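None of the values given here were measured: they were computed from a predicted structure.
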Amino acid sequence: MRRRDPFKGYQFPKVVILLAVRWYRRYPLSYRNVRDLLAERGIIVDAATVYRWVQKFGPEIRKRASGRHRNWRGLRWHVNETYLRVNGRWCYLWRAVDQCGQLIDFRLTARRTANAARAFMRQASDTVRCHHPMTIITDKAHSYAKIIGEWNVRSGPTDAIRHVTRKHLNNRIESDHAVLQHRLTPMRGLQSLRTAKATLKGVETFRAIRNGHFAGCERGVANEIVFVRNLFSDAKEAA
């Protein structure tokens with residue numbers, strides 16, 4: 001099987017589309033800001049077109065980066081949730097990072113329940129595959145203790161996860177939440193869970209690229225641009 005060229009049928013070349021998506025995901029810009037920056041360079045694009053590019057290629061970039069450039073994640077997790085307004089309602093963004101600040105995974109839910117926490121922890125566990133954590137640091141929410149206890153019952157005493165609930169030890173993810181919220185502020189709200197999830201996939205992926213958290217990815221704007229372009233260097237590669 002060969003992967004279909006995701007840029008087939010688009011009026012603008014791949015370089016322009018990836019540039020617009022990167023600007024929006026990487027910097028605190030709105031769709032209109034990106035439209036104006038392209039117009040300054042002689043490329044006339046509607047803000048709605050930029051929106052469609054972002055919604056399509058943000059998740060595509062995440063899928064390619066995570067699939068071909070998955071990096072090792074640390075064995076100490078910092079887990080917490082933050083708030084995000086979607087269509088005028090507060091939703092819950094569950095996130096986990098390791099001791100080096102590398103994103104493990106995230107999940108956006110409409111409710112903050114034990115089932116939502118359990119689904120997120122299961123998703124994060126599937127993401128790291130065999131690199132399961134030795135320590136998980138959370139706040140004192142009862143749902144985390146219950147879920148980690150369930151994991152320990154299944155895994156046995158030799159592979160038991162140490163659960164730490166001292167709040168000051170979770171400053172790493174709290175500060176990471178703050179950086180993410182600063183990036184989301186110019187977006188003027190998200191209209192649905194579907195578009196919010198697609199937006200977050202792109203934003204989180206470009207933050208990881210910026211910090212060099214993928215295998216074969218180095219820090220620096222030039223390296224960052226080359227890395228993103230290389231993800232689409234062979235659109236007909238084997239799926």
Side-chain angles (χ1 to χ4, degrees), residues 20-35 46-63 65-66 77-97 101-127 136-148 150 165 167 170-208 210:
V21 173
R22 178 179 172 273
W23 277 347
Y24 182 77
R25 301 302 197 188
R26 174 72 161 75
Y27 302 105
L29 301 171
S30 67
Y31 295 116
R32 292 180 177 85
N33 293 149
V34 175
R35 175 200 63 189
D46 189 78
T49 300
V50 177
Y51 165 80
R52 289 192 292 270
W53 291 348
V54 168
Q55 292 298 309
K56 176 177 174 58
F57 290 100
E60 182 70 21
I61 289 171
R62 176 178 174 81
K63 180 174 67 176
S66 299
W77 291 10
H78 298 261
V79 180
N80 204 346
E81 70 279 356
T82 187
Y83 302 92
L84 190 64
R85 188 174 288 277
V86 178
N87 196 23
R89 299 180 60 183
W90 287 110
C91 294
Y92 300 90
L93 179 60
W94 309 79
R95 301 177 71 246
V97 301
Q102 298 184 105
L103 179 71
I104 294 167
D105 213 333
F106 71 91
R107 187 181 183 93
L108 184 66
T109 64
R111 297 181 180 180
R112 185 192 184 195
T113 63
N115 286 337
R118 184 177 291 105
F120 167 65
M121 296 293 279
R122 187 187 308 116
Q123 176 182 313
S125 178
D126 292 341
T127 298
I136 297 180
I137 303 171
T138 71
D139 58 21
K140 295 185 178 181
H142 296 298
S143 57
Y144 291 125
K146 180 178 180 180
I147 294 162
I148 294 172
E150 293 171 355
T165 58
K167 186 175 178 60
N170 231 9
N171 289 340
R172 176 175 291 279
I173 194 167
E174 294 287 354
S175 60
D176 201 62
H177 284 337
V179 174
L180 177 63
Q181 292 285 6
H182 175 72
R183 170 62 195 90
L184 296 176
T185 298
M187 295 183 179
R188 299 181 181 180
L190 300 161
Q191 300 306 310
S192 69
L193 278 175
R194 182 184 63 81
T195 57
K197 290 175 182 177
T199 298
L200 286 167
K201 285 180 181 179
V203 171
E204 293 280 23
T205 302
F206 272 96
R207 290 186 64 213
R210 176 185 181 182

Supply the atom-to-atom distance Glu81 CD to Ile173 CD1, rounded to the nearest 0.5 angstrom. 9.0 Å

For the residue pair Gln123 and Phe106, establish whether any side-chain heavy-atom pair is separated by less than 4.5 Å. no

Who pairs with Phe57 by ring pair (Phe, Tyr, Trp, His ring centres under 6.0 Å), at least two apart in sequence or on another chain? Phe7, Tyr10

Verdict with reasoning, Tyr144 to Thr165, per side-chain contact (heavy atoms from CB on, under 4.5 Å): CA-CA 9 Å; Tyr144 291 125; Thr165 58; over 6 Å; no

Are the side chains of Arg32 and Val50 in contact, using a 4.5 Å heavy-atom criterion? no

By ring pair (Phe, Tyr, Trp, His ring centres under 6.0 Å), Tyr92 pairs with (sequence neighbours left out) Tyr83

Holding to salt bridge (Lys or Arg N to Asp or Glu O under 4.0 Å), I want the full list of residues that pass it with Glu150, two or more places apart in sequence or in another chain. Arg118

Test item: His78 and Thr138 side chains (from C-beta on) under 4.5 Å apart, heavy atoms: no

How many angstroms lie between atom OG1 of Thr199 and atom CZ of Arg194, to the nearest 0.5 angstrom? 9.5 Å

Smallest separation among heavy atoms of Ala47 and Arg35, with atom names: N-CD, 3.9 Å

Side chain to side chain contact (heavy atoms under 4.5 Å, CB included) partners of Ala117, counting only residues at least two apart: Trp94, Ser143, Ile147

Asp176: which residues meet the salt bridge (Lys or Arg N to Asp or Glu O under 4.0 Å) condition with it, sequence neighbours left out? Arg95, Arg207

Sequence-distant partners of Ser175, side chain to side chain contact (heavy atoms under 4.5 Å, CB included), two or more places apart: none

Residue list, side chain to side chain donor-acceptor pair (under 3.5 Å) with Arg172, at least two apart or on another chain: none

Can you list the residues that meet the side chain to side chain donor-acceptor pair (under 3.5 Å) rule with Thr113, with sequence neighbours excluded? none

NZ (Lys201) and CD1 (Ile61) are apart, to the nearest 0.5 Å, by 13.0 Å

Can you list the residues that meet the salt bridge (Lys or Arg N to Asp or Glu O under 4.0 Å) rule with Arg26, with sequence neighbours excluded? Glu224

Side chain to side chain contact (heavy atoms under 4.5 Å, CB included) involving Glu174 - partner list, sequence neighbours excluded: Asn80, Lys167, His177

Please name the pair of heavy atoms, one in Ala65 and one in Thr205, separated by the smallest distance, quoted to 0.1 Å. CB-CG2, 4.3 Å

Partners of Arg210 by salt bridge (Lys or Arg N to Asp or Glu O under 4.0 Å), sequence neighbours excluded? none

Closest heavy-atom contact between Thr109 and Cys91? O-CB, 3.3 Å

Does any part of the side chain of Asp139, heavy atoms only, come nearer than 4.5 Å to the side chain of Asn170, both counted from C-beta? no

CG-CZ distance between Asn115 and Arg122, expressed to the nearest 0.5 angstrom: 8.5 Å

Separation between CG (Leu108) and CZ (Phe120), nearest 0.5 Å, reads 11.5 Å

Report yes if the side chains of Phe206 and Val21 come closer than 4.5 Å at any heavy-atom pair, otherwise no. yes

Do the side chains of Val79 and Met121 get nearer than 4.5 Å, heavy atoms only? yes

For Thr49, what residues pass the side chain to side chain contact (heavy atoms under 4.5 Å, CB included) criterion, not counting sequence neighbours? Val45, Asp46, Arg52, Trp53

Is there side-chain contact between Val54 and Val34, with at least one heavy-atom pair below 4.5 Å? no

Would you give the length of the straight line joining atom CZ of Arg22 to atom CG of Leu29, rounded to the nearest 0.5 angstrom? 10.5 Å

Considering all heavy atoms of both residues, which atom of Ala116 and which atom of Arg111 are nearest to each other, and what is their separation? CB-O, 3.6 Å

For Ala110 and Leu193 the tightest heavy-atom approach is CB-CD1, 4.3 Å

